Amino acid sequence: MGMFCRQCEQAAKNTGCEVVGVCGKNPEVAALQDLMLYGLKGLAIYADKARALGAKDDVIDKFVIEGLFTTVTNVDFDPVQIAGKLRKCFDEKEKAKVLYETAYREKHGGTAPAIADGPAAWIIADSLEGLVAQGQAHGVKTQHSDPDVLCAIELVNYGLKGMAAYANHAYHLGKKDDEVFAFYHKALAATADPSLGLNDFVGLAMECGKMNIQVMGLLYQGHEDHYGAPVPTKVQLGTRKNKGILVSGHDLRMIEELLKQTEGKGIDVYTHGEMLPAHGYPGLKKYSHLYANFGGAWQDQYKEFQNFPGAIIFNTNCIQRPADQYNDRLFTWGEVGWPGIKHLTGWHFDDVINKALESPDMPDAPGKEILVGFSHNAVLGVADKVIEAVKTGAVKHFFLIGGCDGAKPGRNYYTEFAEKVPKDCVILTLACGKYRFNKEEFGDIGGIPRLLDVGQCNDAYSAVQIALALANAFNCGVNDLPLSFILSWYEQKAHVILLSLLYLGIKNIKLGPSLPAYITPNVLKFLVDNFNIAPIGDVAGDLKASLGQ
Ligand code: SF4
Ligand code: SF3
């Protein structure tokens with residue numbers, strides 16, 4: 001059985017995974033994920049039409065983001081779990097159909113025109129093999145015969161997937177936006193519309209970037225409303241003698257619930273990967289058992305988790321094939337899944353808590369500390385100082401070195417880049433790519449730390465606010481600031497953030513470690529012509545160019 005997937009940076013030979021995913025996704029799961037996208041297009045066609053007639057449904061809206069999030073890289077590898085979600089997808093599609101037909105009848109009288117083919121007419125297979133066969137019939141390349149149009153459709157698809165993760169976290173915090181759901185329906189339905197062409201899809205990709213700023217803003221607000229604005233906070237990197245639970249992922253609401261349920265139980269909660277910024281939120285750091293950050297970026301989990309004696313839970317990407325040494329104390333939650341690994345649903349974490357209680361103590365091994373919590377609130381709180389430092393020349397340039405981490409050796413570029421940034425420059429960082437350098441000493445410039453950790457990948461929103469405020473202070477555009485974007489991508493969240501930056505008109509972005517496999521030469525030319533985006537080169541050359549030397 002073959003497959004074809006090229007949605008992430010690990011795409012085999014930088015063209016696509018065809019035998020098995022480099023991420024560990026097998027052809028069966030790849031097909032089921034393709035079918036999820038196909039089914040969601042069908043759902044969206046009806047939901048879009050229903051909306052045009054003034055009818056909508058919260059469960060249908062919510063399922064679109066859950067279903068898409070399932071297909072994001074390193075989220076769900078469990079065919080049985082995905083098959084269950086496909087049944088839900090079909091049921092919600094049928095519900096959307098009834099919603100549309102009823103609204104049509106009420107508005108116009110008579111029967112709504114039937115849709116006889118395409119994803120709206122999909123009838124779900126009744127076995128796992130049948131679902132896989134359906135998925136294989138609706139793979140990536142079946143979406144369009146023209147490579148450039150297909151590329152533009154993929155730009156939209158992956159943008160919608162990445163944004164779904166953020167919309168899902170925001171939803172957990174009680175934040176949602178009808179305009180975003182309407183866009184999901186419109187855009188997904190459009191990708192199945194044969195009458196649309198390249199410009200339509202490029203336009204939708206840019207609109208997705210715009211919508212994603214809205215979603216990241218909602219998520220930021222959700223975090224701030226619940227936990228307060230992040231404040232600069234020292235984070236312990238060692239362990240202490242107590243039971244331990246390690247939480248990996250992006251969902252802060254989930255870690256909050258776990259913190260509440262572990263209070264007074266002799267359990268310390270540790271953050272992993274993109275959970276690190278949790279330490280900076282007043283509403284989370286108030287729990288003294290939110291003890292430390294453990295390990296590095298996601299691609300090191302296989303080795304590092306073997307040294308974590310407690311329980312481990314993933315609440316979002318990036319999960320990898322677990323090692324035997326820890327798979328019995330590993331849990332997944334939310335959209336994450338791995339075959340054979342216990343999956344938790346809802347907001348009760350007794351299973352993971354009991355597992356931690358029966359596991360050995362963490363070693364008594366305190367470590368060094370690092371600083372987190374420099375969201376725009378914190379940075380702009382000392383804006384006067386920052387602006388003065390730029391005016392006096394004490395700070396010459398800002399580098400945003402951020403994005404995803406990954407396994408490729410070419411990613412050493414980012415470590416080397418951060419290390420070689422001149423001493424009179426400040427580095428802003430975000431997302432899990434920071435683990436390449438966030439334990440190094442960068443010092444400060446007149447009290448301003450040279451390394452400012454803005455937060456998770458979605459806190460790109462915060463980085464944008466910093467850039468906009470600086471541009472405002474200096475009365476110039478963001479592209480005129482002494483600020484360079486050195487970005488690393490891996491999965492679809494990085495993809496949608498890139499769309500957001502392009503939507504904002506940010507130019508001269510350096511992107512690596514390689515360009516996406518789904519970008520055709522013609523679409524790349526469009527991006528270069530309009531945004532002067534370029535692949536990373538050599539560190540010295542890129543640094544010089546950024547500094548205008
Ligand atoms: Fe390959 Fe990435 Fe797709 Fe996994 S998600 S199958 S690594 S392209
Ligand atoms: Fe990392 Fe997976 Fe993208 Fe939120 S955890 S950034 S790769």
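Both ligands and their constituent atoms are indexed starting at 1 by order of listing. Please read these numbers as outputs of a predicted model, since none were measured by experiment.
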- Lys408 side chain to Glu9 backbone, donor-acceptor under 3.5 Å: yes

- Query: Is there a donor-acceptor pair closer than 3.5 Å between any side-chain N or O of Tyr184 and the backbone N or O of Leu160?
  - Reply: yes

- Task: Please answer whether the main-chain N or O of Cys404 pairs with a side-chain N or O of Arg411 as donor and acceptor at a distance below 3.5 Å.
- Result: yes

- Is there a heavy atom in Glu9 that sits closer than 4.0 Å to ligand 1? no

- Numbered atoms of ligand 2 (with element) below 4.0 Å of Trp298, judged on heavy atoms: 2 (Fe), 7 (S)

- Under 3.5 Å: donor-acceptor pair, side chain of Arg450, backbone of Val421: yes

- Note on the structure: Sorted by chain and number, protein N/O/S atoms nearer to atom 4 (Fe) of ligand 2 than 2.8 Å are His250 NE2, Glu274 OE2, Cys457 SG

- Message: Applying the ring pair (Phe, Tyr, Trp, His ring centres under 6.0 Å) criterion to His272, which one of Phe294, Trp298, Phe305 satisfies it?
- Response: Phe305

- For Tyr490, the ligand 2 atoms whose distance to one of its heavy atoms is below 4.0 Å: 7 (S)

- Query: Does Lys141 make a cation-pi contact with Phe4, if we ask for NZ or CZ under 6.0 Å from the ring centre and within 45° of the axis?
  - Reply: yes

- Item | NZ (Lys368) with more than 12 external heavy atoms under 6.0 Å | yes

- Determine the interplanar angle of the Trp338 and Phe77 rings, folded into 0 to 90°, and report it as parallel if under 30°, tilted if 30 to 60°, perpendicular if over 60°. tilted

- Query: Is there a donor-acceptor contact under 3.5 Å from the side chain of Arg253 to the main chain of His172?
  - Reply: yes

- Applying side-chain contact (heavy atoms from CB on, under 4.5 Å) between Phe526 and each of Thr520, Val202, Ile519, report the one that passes. Val202

- Query: With no hydrogens and no angle check, is any side-chain donor or acceptor of Gln456 less than 3.5 Å from a backbone partner on Glu274?
  - Reply: yes

- Task: Return the set of protein N, O or S atoms whose distance to atom 3 (Fe) of ligand 1 is under 2.8 Å, each given as residue and atom.
- Result: Cys5 SG

- Message: Given the ring of Phe69, does Lys161 sit roughly above its face, with NZ or CZ under 6.0 Å from the centre of the six-membered ring and within 45° of the axis?
- Response: no

- Note on the structure: Quick note on ligand 1: atoms under 4.0 Å from a heavy atom of Met3 include exactly 6 (S)

- Task: Just jot down the ligand 2 atoms closer than 4.0 angstrom to any heavy atom of Cys318, in number order.
- Result: 2 (Fe), 5 (S), 7 (S)

